[in-house]
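These notes are about the structure you will find just below.
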Amino acid sequence: MFVQELVLKQRAEILHALCSSGSAEHLERVLDILLAQEALVWEDYQNIQVPGRALYTNARQLLDLVYTKGVDSCGLLLAALKQVLPEEQGTGLSFSGWCSNLEEKEEYQSSSTQTLVTQRPSLVSKLQGCIDGALKTLVGSGHFTSAECDEVRLPIHTPSQQARRLLDHVRSKGESAAKLLLQYIQQEQESALNQEKLTPPKEFLKYQKKLSSSVSAQSCFLSTYGGTSHMSLDDIYTEGQLELAQECVDVHGPLGLEHIVGTAGMVNEEADTVLVSGEAGSGKSTILQRLHLLWARGAALQDFLLLFPFSCRRLNSEQRELSVQELLFQHCCWPDREQEEIFQFILDHPHLILFTFDGLDELKQSFSDEHRLCCPTQRAPVHILLFNLIQGSLMKGVQKVVTSRPEAVGPLLKKHLRKEVLLKGFSPSGIDCFVRKHHSDSTVAAKVLESLQTNTALLGLCHSPVLCWIVSQCHTELLGCGEGSPQTITDVYLMILQHFLQHQRPLKSSMGLNWIQEHLNTILHLGQLAFEGIGTTCYIFSGTDLETCGVTEKDICMGFLIQSKDMSSTHSKHYEFLHVTVQCFFAALYIVLSNNTDRATMAKLFELKDISGTGLSSTCFGVCMPSTAQQEQVLEGEPTAAETPNLQITATFVSGLLSQRHRSLWLHCCPNAVMDKRVRQVVRCLSKGMQKHFKSIPQPVEGEKKSMHAMPGFVWLIKCIYEMQESRIAKDAMSKLEVDHLKLTYCNIGPVECTALAYVLQHLRNPVGLQLDFNSVGDVGVEQLLPCMHICNSLYLRNNNITDEGIRKLIAKGIQCDNFRKIALFNNKLTDACTQHFSHLLKTKQDFLALRLGNNNITEEGAKQLAEGLKCNHSLQYLGLWGNKIGDAGAEALARALESSQSLVWLSLVGNGVGSTGACALANIIKNSTSLEELWLTENCITRTGVECLIQALEHNTHVKSIWLRNNDLSLEEIEEMSQRESRLIF
Ligand code: ADP
C-alpha cells in the first residue's frame with residue numbers, strides 16, 4: 001500500500017499506540033528519531049511539542065505534518081514507530097515492510113548544534129546518567145542559570161525527558177553551549193572507558209569482530225528447526241514473560257531482556273551466574289539466542305566485549321579434557337593470530353566477558369562443586385570446567401547466564417547464583433502476537449486465534465511457546481477438526497505427528513491403512529532412538545546410533561530429526577530431535593507400540609522420584625533395553641536429575657496415547673489385548689502414585705484442618721490423569737483423598753495445570769480450600785479452574801497475574817457455587833473494574849465469609865462499589881484491602897456500609913492513604929458493632945483527630961480487641977499519651 005495512505009488509514013491506531021499509556025515517552029522518542037533522520041526540522045518539532053498542550057493534540061499535529069511532507073517522511077515515521085513501540089502495542093499496526101535503516105548519521109556534522117539534532121536519540125540515552133554533571137558544567141561556564149537547571153530537573157520529568165529538555169535548552173543557547181555539552185558527554189564516555197583501562201590490542205578487536213559475526217550467523221535463524229525452516233529470529237521472536245524468582249522492590253512492571261544480566265533482583269552479589277529457568281519448550285534456548293543476536297548486532301549487552309555461547313547438549317559430546325582457553329577458542333571461535341595475547345586480555349578484563357550455557361539440565365553430569373579448579377590453563381573434563389566456571393572458582397568476574405529446567409537445579413547450584421529469572425512462556429497477548437507473526441496471511445492468523453478462543457484448554461496450552469509453534473504450524477489440521485479440536489498435550493503432538501507424516505508423503509490411503517499404520521516403521525525406528533536417548537541422557541545421535549535403531553534416510557526425511565550444527569569436533573553427520581519434547585513423544589510412542597515394553601518398564605516410568613534428593617534410585621528403562629554396550633552404560637551409569645523431567649514428560653505422553661479416545665489409532669498396530677494390559681498398568685501406576693501422596697499427609701493437629709501440601713510430582717500425576725481423559729480414573733483417584741485444605745503454592749501452576757487440576761479435583765468427595773498462591777494462573781487459568789469451583793469452599797490465588805476480566809468469569813461462576821465462601825486475591829492486577837463483581841457477589845451470597853483484595857489497584861471508586869454490596873450483605877467476616885488506594889472517601893463509603901454490620905470480625909485498610917476523616921468515619925463501625933475484633937489501619941496518614949474519634953468509639957465497645965495504628969502521622973508524645981488512655985490501640 002502507498003505509505004502515505006498507510007499512515008492515514010491507521011491514524012486512530014497510531015494515535016492510540018502513541019498516547020494511550022498517558023506518557024509522552026513514545027511520542028518523544030519518535031520525534032527524536034525523526035529529527036535525527038531530518039524528517040522533521042526544528043521548527044516542525046516546536047510546532048508539535050507545544051508545552052501544556054494535550055498529548056493527543058501533539059501526536060495529531062505530528063501525523064498531519066508528516067503526511068503533508070510526503071512518502072519519505074511517512075516511511076520514516078512507520079520505521080520509527082516500529083522501533084519505539086513495545087511489541088504488543090505495535091502488533092495491531094501494519095508497517096508493510098517499512099523498517100528502513102534508522103542508524104544515526106556518523107559523519108561529522110558542520111556544527112555542534114546540528115550534531116545535537118542528528119545524534120539526538122543516542123545523546124538522550126548517554127545523558128541520562130550524567131544530567132547533573134552536565135548542568136554543573138554548563139552553569140560553571142556561564143551558559144546556564146540555576147533557574148534553568150531547575151527547569152530541566154523538574155521532578156515530574158523522567159530522566160529521558162530531562163535529557164531532552166537539556167538538549168533543547170542547550171540548542172537554544174547556540175554553538176558554544178552545544179560544543180561544551182558534546183565535549184562533556186565525550187569526556188564522560190572516555191572516562192568510563194578509562195576507568196576500565198581499556199586498550200584492547202588490535203588482534204583482540206579482530207577476534208571480537210570474528211566472534212560477533214559467528215554469533216550473529218548462528219543466531220539469526222531460529223535454531224530449533226535447523227534445516228527444516230529458515231525462520232528469521234527477527235520475524236518470529238515474541239517477548240516471553242520473565243519474572244524474578246525472588247521478589248524485588250526496584251523492579252516494577254514486566255521484566256525485559258536487559259534485566260537478565262542487570263543488577264535488578266540480585267540475591268548474591270559475589271556470584272557471577274544468572275540462571276534462567278523454565279519448563280521444556282518455554283523458550284530458554286530462544287531467549288538466549290535473542291540475547292546473542294542483539295549482542296552481535298550491538299543492540300544489547302554492550303558492556304561485554306566478548307560473548308561466548310555454549311550449548312550443554314553439544315558439550316556432552318566433548319570427550320577430551322580441555323583448558324578454559326581451549327574451551328573458548330575451540331568451541332566458540334578460533335583466533336587467527338595471537339591466541340595468548342587475546343586470552344590474556346580476557347583474563348585481565350573478566351567483567352567485559354559474558355558466557356552463556358544453554359540447557360544445563362541436558363548435561364550428563366549433575367552439578368557438583370567437589371572438584372575445584374582455578375587455573376584457566378589446566379585441563380579438565382568439560383563438565384568440571386563448566387561447574388567451576390559457574391561457581392566462580394574459574395574466571396571469577398566473568399558473567400555467566402545459564403538456562404535450565406527448574407527441576408534440575410538443586411540447592412547446591414542455587415548457592416552460586418547471582419539471581420534466578422523464571423521464564424513463564426507467552427502471556428495471552430504474546431500468544432496473539434506470535435500467531436500473527438507466524439502467519440503472514442492475516443486471515444489465517446485471525447482464524448487460528450478465533451479457534452483458540454473457542455477452545456480455552458488449547459489456548460492454555462499455547463502459553464508454552466513450543467506448543468504455540470506446533471498449533472500455528474498445524475493450522476490446517478486445527479481449523480479442519482471442528483469438534484475434535486485438541487484438548488491435551490498428547491492431542492497437540494499427535495497433530496504434529498500427522499502433519500509431518502502426511503505432508504512428506506500425502507496419504508494414499510493405500511489398502512485402507514490408517515496414517516499410523518502406514519508409517520509404523522518410521523515411528524518405531526524414531527521411537528527406539530528417542531527412547532534409548534532418554535534413558536541415557538543422549539540428545540545428539542551419530543550415524544551409528546541411527547543405524548542401530550534402524551532409522552533410514554526416509555525416516556530422517558519426515559522432518560522430526562534435524563542435523564546438529566556446530567559439532568566442530570567431528571566431521572560426520574549428527575542428528576537431534578526438533579525439540580526435546582518431540583523426543584519424549586517418540587519415546588512414548590515406542591513404549592506404547594513396541595513389543596519390548598513390559599510391566600517393569602511402566603512401573604519405572606511412573607515411579608515417583610525424589611527429584612530434590614541426591615540421586616535417583618534406579619535407572620529407568622534398563623529392563624527393556626536391548627542388550628547392547630549402550631544398555632550396560634545405562635545400567636551402570638550414574639543417573640542424573642535431568643532424567644526425571646524427561647521421564648515425566650514421556651510418562652505424560654504415554655498416559656495420553658493410551659487414552660480410550662486414541663484407541664482407534666493403534667488398531668492393527670498392536671493387539672487389542674496388549675493395549676488393554678498397558679492401559680491397566682498405567683492406571684494402576686497412577687493410582688498407586690496418588691496413594692503414596694495421600695499417605696504422606698500428616699494427621700491434623702487437634703483443632704486444625706487436615707491439610708495436604710502437594711509434594712513434587714503431585715501435579716504431574718494429575719496431568720497424566722488429565723491426558724487419559726477418562727473421568728472414571730479421575731474419580732477413582734480422588735475418592736481416596738480426604739483433606740480440608742489442598743496447598744499447591746509455588747508449584748509452577750499455569751493455565752495448562754489448571755485445566756488438569758480442575759478436571760481431576762472436580763471429583764473430590766468433600767469441599768476443600770484450594771490454595772494456589774504464587775503461581776502463574778492468569779485469567780486463562782482462572783477460566784480453566786471453573787469446573788472445580790463447586791468443590792472449593794475457599795480459593796487462594798495470591799500473586800497470580802489475574803486481572804478484572806478473570807474475576808468477572810470467576811465470580812459469575814462462584815455465585816452459583818453453594819460451597820464457595822472465601823477468596824484471597826492479594827497482589828494481582830485488579831482495579832476498580834472488578835469491584836462491581838464483588839459487590840454483586842456480596843449482594844447475592846449471604847453466606848460469603850472472607851474477601852481479601854490486598855495489594856491491588858483499587859481506589860475510592862472501587863471502595864464505593866464494594867460498599868454497595870456490603871450494605872446488603874449480612875455474612876462477611878473478613879475484609880482485606882491492604883495496600884490499595886481507597887483514601888478518606890473510600891474509607892467513609894465502607895464505614896457507612898459497614899456501620900450496622902453484625903458479622904464483620906476483621907477489617908484491614910493498611911496502607912490506603914486514609915486520614916483522620918476516614919478514621920472518624922470508621923469509628924462509627926466501632927460504635928455500633930458487636931462483632932468487630934480487629935481493625936488494621938497501619939501505614940496511613942491518620943492524625944490525632946482521627947485517633948481521638950477511635951478512642952471515643954472504643955469507650956462504647958468491649959468486643960474490639962485491637963486497632964493497629966503503626967506508622968501514621970502522630971508524634972512520639974501523642975503515641976505515648978494515647979496508648980496510655982486506650983491499651984487496645986497498637987502503635
Ligand atoms: P526451551 O529451550 O525452553 O526448551 P525453546 O527455546 O527451544 O525452548 O523453544 C521451543 C520453540 O518454541 C522454539 O523453537 C520456537 O518455535 C518457540 N519459541 C520459544 N520462545 C519463543 C519466542 N520468544 N518467540 C518465538 N518463538 C518462541
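All ligand and atom numbering here is 1-based and tracks the order in the structure. Side chains are part of it too, since the values below use all heavy atoms of this structure and drop only hydrogens, waters and symmetry mates. Note that the structure is a prediction, hence the values are computed from the model and not measured.
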> For atom 25 (C) of ligand 1, which candidate among Leu467, Ile236, Asp235, Leu257 provides the closest heavy atom?
Replying inline: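 Of the listed residues, Ile236 has the closest heavy atom.
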> Quick one: are Thr273 and Leu413 in side-chain contact, heavy atoms under 4.5 Å?
Replying inline: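 With C-beta onward as the side chain, the pair stays apart.
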> Is there side-chain contact between Leu589 and Leu497, with at least one heavy-atom pair below 4.5 Å?
Replying inline: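 Of all side-chain heavy-atom pairs linking Leu497 with Leu589, at least one is under 4.5 Å.
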>> Between Phe586 and Phe531, is the ring centroid distance below 6.0 Å?
In response: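 Ring centres of Phe531 and Phe586 not closer than 6.0 Å.
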> Would the Phe653 and Tyr493 ring centres measure less than 6.0 Å apart?
Replying inline: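 That pair passes the under 6.0 Å test.
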Counting from 1, what ligand 1 atoms have a heavy atom of [X] closer than 4.0 Å?
X      : value
Trp469 : 16 (O)
Phe434 : 25 (C), 26 (N)
Gly281 : 1 (P), 3 (O), 4 (O), 8 (O)
Ala280 : 4 (O)
Thr286 : 5 (P), 6 (O), 9 (O), 13 (C), 18 (N), 19 (C), 20 (N), 21 (C), 22 (C)

> Taking heavy atoms and a distance under 4.0 Å, where does Tyr237 meet ligand 1: side chain, backbone, both or neither?
Replying inline: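 Both backbone and side chain.
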> Judged by non-hydrogen atoms, does Glu279 sit under 4.0 Å from ligand 1?
Replying inline: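 Checking ligand 1 against Glu279, which is what was asked, there is a heavy-atom contact under 4.0 Å.
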> Would you say Gly240 contacts ligand 1, with heavy atoms under 4.0 Å as the rule?
Replying inline: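 Checking ligand 1 against Gly240, which is what was asked, there is no heavy-atom contact under 4.0 Å.
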>> Would you compute the distance between atom CD of Glu318 and atom SG of Cys312 and round it to the nearest 0.5 angstrom?
In response: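 With rounding to 0.5 Å, CD (Glu318) is 13.5 Å from SG (Cys312).
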>> Name the residue from Gln399, Gln289, His292 that meets the side chain to side chain donor-acceptor pair (under 3.5 Å) definition with Thr356.
In response: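 Going through Gln399, Gln289, His292 one by one, the side chain to side chain donor-acceptor pair (under 3.5 Å) with Thr356 is satisfied by His292 alone.
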